[in-house]
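What's counted below: heavy atoms across the whole structure, side chains too, no hydrogens, waters or symmetry copies.
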Amino acid sequence: MGYVIPHVPPADPRFGRAVICTCRAADQQARKMDTLMMVSQLGALEHCTFKSFRAEGLGLTAVKQTNLKRAYDRAQTYAANPEGWLLLRGGYGCGKTHLAAAIANVRLGMGQPVLFINTPDLLDHLRAAYSPSANTSYDTRFAQIRNTPLLILDDLGTQSNTEWAQEKLYQIFNYRYNARLPTVITTNEEMEALEIRIRSRMADPDLVQMLTILAPDFRRAGVDQEQSDLSTLNLHHDQRFENFNLRQRELPRGQAQNIQRAFDTAKTFADDPRDWIVFNSVAYGNGKTHLAAAIANQIADKGEPVLFIVVPDLLDHLRATFNPASGARLDKRFNEVKTAPLLILDDLGTESATAWAREKLYQLFNYRYNARLATVITTATHIDEIDPRLATRMLDTSRCTFFMLESPSYRGGGTKKRKRRKS
């Protein structure tokens, strides 16, 4: 029959009530797990275990190795006893999905139900349940997702943010937040980019452990993985402090002392990159870019990430994301530049000064100024000709060292040509 009436005293709440027998309850649990596994995407990730995860990373700095090992240990602890929420943040290929899948595989190995699913696919499964030919009704499918004992939601933020999608995700998160149901989330997004109602729940330290993984893409091992593909530092790999020409026998004493001070200032900054440094002059080719590249190369040689880019090229990269065929999104590209641990902006002032370009540069400068992120700027444009919103930040002596190089070009001449042709 499948139902039994338990033999209990009259005072027991179960007295006289039929309950599902043990064998039938086990069958129901097995069917529930089968249904979850049909939706789940763990089949393709069964190889993602803690044993196969390289907790030491690939060629990482000591700081990033420690960070990755901490994430690995926290994920293992969570897998043994899932309580609350675990939020794994980091860039593409840093190991978030592997760790999330490893948690799921541990729980499945214990016979515990898990739903592991990519966020856009989860929303697709819900949409598909509206179809008259669907095997499972929408209400049933939504309840399964919302109530699953352990939900692992991969790549939050990659979904199309329609009002419907935002509403469904909010309902899922809100339900699981109130019920304190174990949930693992991976995302590439900054917290500020997430929908505010979801973000507020993820910011609850009593429920949520947030781990930010600093490791670069494992899949790009061996191809200068610490450096952004936007960076052109490879074109300046030979420009170092060791081969910088101080021109002591060539320049007048005052100019020679000025370039020595510029060199010492750059070297001090490279030893401990903090806040901003600007190299300005009215001449091209007098060592500004060499000093900026020397700073970048010294940092990169330590295995730390550096983004070295010419300002017009930066704006071109951002514009390229408007192309429908582009594989990059503007917000992600721009965020990569805004949050770079060390940013070298070469040749500020040579860009096309459209309203859009000025706005992007202001947003970039303002973010890094407020966050006090290490930044090196070179420019041959007089400070009075630079957008005042940028200039005021460059001239703030509490956060920026503004250095004027007085020497002429190494190649002879090089001063910006402002002369009018004689009539």
Side-chain angles (χ1 to χ4, degrees), residues 30 32-60 64-125 144-145 148-159 169 172-173 176 181-189 202 208-223 225-226 327 332:
K32 186 180 291 185
M33 286 192 67
D34 288 342
T35 302
L36 287 175
M37 287 305 296
M38 288 176 62
V39 178
S40 186
Q41 298 169 328
L42 261 180
L45 298 171
E46 60 184 358
H47 64 286
C48 291
T49 64
F50 287 111
K51 187 175 181 180
S52 65
F53 188 84
R54 300 187 64 165
E56 74 284 359
L58 297 169
L60 299 182
K64 291 183 179 178
Q65 275 191 340
T66 301
N67 168 266
L68 187 61
K69 182 64 164 59
R70 185 184 300 118
Y72 174 84
D73 291 341
R74 292 274 188 89
Q76 271 199 317
T77 301
Y78 188 89
N81 183 28
E83 289 186 351
W85 292 12
L86 182 65
L87 175 60
L88 300 172
R89 289 184 58 249
Y92 292 107
C94 71
K96 304 183 304 296
T97 296
H98 190 136
L99 289 176
I103 292 171
N105 283 317
V106 166
R107 300 307 298 174
L108 285 177
M110 296 178 175
Q112 300 299 315
V114 180
L115 173 55
F116 181 106
I117 193 165
N118 179 275
T119 305
D121 291 341
L122 176 142
L123 295 168
D124 283 347
H125 280 295
Q144 288 172 344
I145 293 169
T148 185
L150 174 58
L151 173 64
I152 301 183
L153 200 55
D154 193 35
D155 269 347
L156 177 68
T158 59
Q159 72 281 354
L169 288 174
I172 292 170
F173 281 117
R176 298 186 68 82
L181 291 173
T183 307
V184 178
I185 304 138
T186 79
T187 183
N188 302 310
E189 298 286 350
M202 290 184 182
V208 184
Q209 296 182 67
M210 184 188 302
L211 301 177
T212 299
I213 300 175
L214 303 177
D217 193 340
F218 277 81
R219 294 168 294 226
R220 296 185 63 214
V223 288
Q225 62 174 341
E226 291 287 343
K332 287 193 176 293

Legend entry - Shortest non-hydrogen contact between M202 and M210, atoms and distance: O-CE, 4.4 Å
Inset, instruction - Give, for atom CG of L181 and atom CD of E83, the distance between the pair rounded to the nearest 0.5 Å. - result: 12.5 Å
Legend entry - Closest heavy-atom pair and its distance - I152, A100: CD1-O, 3.4 Å
Legend entry - Identified side-chain contact (heavy atoms from CB on, under 4.5 Å) partner of L122 from the options I145, L156, D154: I145
Legend entry - Set of ring-ring contact (aromatic ring centres under 6.0 Å, His included) partners for F50, sequence neighbours left out: Y72
Inset, instruction - Please report the shortest heavy-atom distance between P182 and P82, naming the atom on each side. - result: CG-O, 3.4 Å
Inset, instruction - Scan side-chain atoms only and decide if N105 and T49 contain a donor-acceptor pair under the 3.5 Å cut-off. - result: no
Inset, instruction - Would you check if the side chain of Q209 reaches a backbone N or O of L86 as a donor-acceptor pair within less than 3.5 Å? - result: no
Legend entry - Heavy-atom check, side chain of E189 versus side chain of K332, under 4.5 Å: yes
Legend entry - Heavy-atom donor-acceptor pair, T119 side chain to Q159 backbone, under 3.5 Å: no
Inset, instruction - Compare every heavy atom of Y78 with every heavy atom of G84, then report the nearest pair and how far apart it is. - result: O-OH, 2.7 Å
Legend entry - Heavy-atom side-chain proximity of I172 to L153 below 4.5 angstrom: no
Inset, instruction - Any chance you could measure E46, atom CD, to S52, atom OG, to the nearest 0.5 Å? - result: 11.0 Å
Legend entry - Considering all heavy atoms, the nearest E56-L68 contact: C-CD2, 4.4 Å
Inset, instruction - For the pair Q76 (side chain) and R74 (backbone), establish whether a donor and an acceptor sit closer than 3.5 Å, ignoring hydrogens and angles. - result: no
Inset, instruction - Report the C-alpha separation of L88 and I185 in whole Å, then their side-chain angles, then the decisive distance to 0.1 Å, and conclude whether the side-chain contact (heavy atoms from CB on, under 4.5 Å) test is met. - result: CA-CA 6 Å; L88 300 172; I185 304 138; over 6 Å; no
Legend entry - Value rounded to 0.5 Å, distance of CG in N67 from CD in Q65: 11.0 Å
Legend entry - Test log, rule side-chain contact (heavy atoms from CB on, under 4.5 Å), inputs F116 and T148: CA-CA 10 Å; F116 181 106; T148 185; over 6 Å; no
Legend entry - Candidates T186, T212, N188 - the one meeting side chain to side chain donor-acceptor pair (under 3.5 Å) with K96: N188
Legend entry - With T183 via side chain to side chain donor-acceptor pair (under 3.5 Å) - residues at least two apart: W85, R176
Legend entry - Residue pair R107 / V114: nearest heavy atoms and the distance that separates them: CB-CG2, 3.4 Å
